[in-house]
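Please read the structure below before turning to the comments.
The structure displayed is predicted, hence computed values, not measured ones. Excluded from the calculations below are hydrogen atoms, water molecules and symmetry mates; all remaining heavy atoms, backbone and side chain alike, are included.
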Amino acid sequence: MFNPDLKKMLSNVNSRYSLVVGTAKRAREIRDDAIENEQQLDEKTVSMAIEEIYDGKYIIDEPEQIKRK
């Protein structure tokens with residue numbers, strides 16, 4: 001199981017909540033793309049989303065009013 005460094009993942013977002021919501025959103029996108037393309041996924045979509053966020057391939061975009069100053 002992939003166990004990423006939480007501090008590194010939180011360095012680009014404002015809160016854990018933003019990280020969880022962004023991860024769930026990306027996981028749904030991965031699932032929807034797989035269904036649309038009729039692909040069988042060998043890995044769980046949440047794991048794939050976490051890996052993309054950790055590697056910097058997916059950036060969580062937060063509203064301007066909640067970003068750190």
Residues passing the side-chain contact (heavy atoms from CB on, under 4.5 Å) test with Asp5, sequence neighbours excluded, are Lys7, Lys8, Tyr54
Checking the side chain of Glu62 only, and the main-chain atoms of Asn14 only, is there a donor and an acceptor separated by less than 3.5 Å? yes
Check whether any side-chain heavy atom of Val13 sits under 4.5 Å from a side-chain heavy atom of Ile53, and report yes or no. no
Can you give each donor-acceptor pair under 3.5 Å made by side-chain atoms of residues 29-37, sequence neighbours left out, with the distance rounded to 0.1 Å?
| unit_1 | atom_1 | unit_2 | atom_2 | d |
| --- | --- | --- | --- | --- |
| Glu29 | OE1 | Arg26 | NH1 | 3.1 |
| Asn37 | ND2 | Asp33 | O | 3.1 |

What's the spacing between Ser11 OG and Leu6 CG if we round to 0.5 Å? 10.0 Å
Report yes or no: do Leu10 and Tyr58 belong to one cluster of Ile/Leu/Val/Met/Phe/Trp/Tyr joined by side chain heavy-atom distances under 4.5 Å? yes
Which other residues end up in the same hydrophobic cluster as Tyr17, if Ile, Leu, Val, Met, Phe, Trp and Tyr are linked when side-chain heavy atoms come under 4.5 Å apart? Val21
One pair to check against side chain to side chain contact (heavy atoms under 4.5 Å, CB included): Glu51 and Lys57. What are the steps and the verdict? CA-CA 9 Å; Glu51 194 169 321; Lys57 296 177 184 175; 5.9 Å; no
By side-chain contact (heavy atoms from CB on, under 4.5 Å), Val46 pairs with (sequence neighbours left out) Thr23, Ala27, Ile50
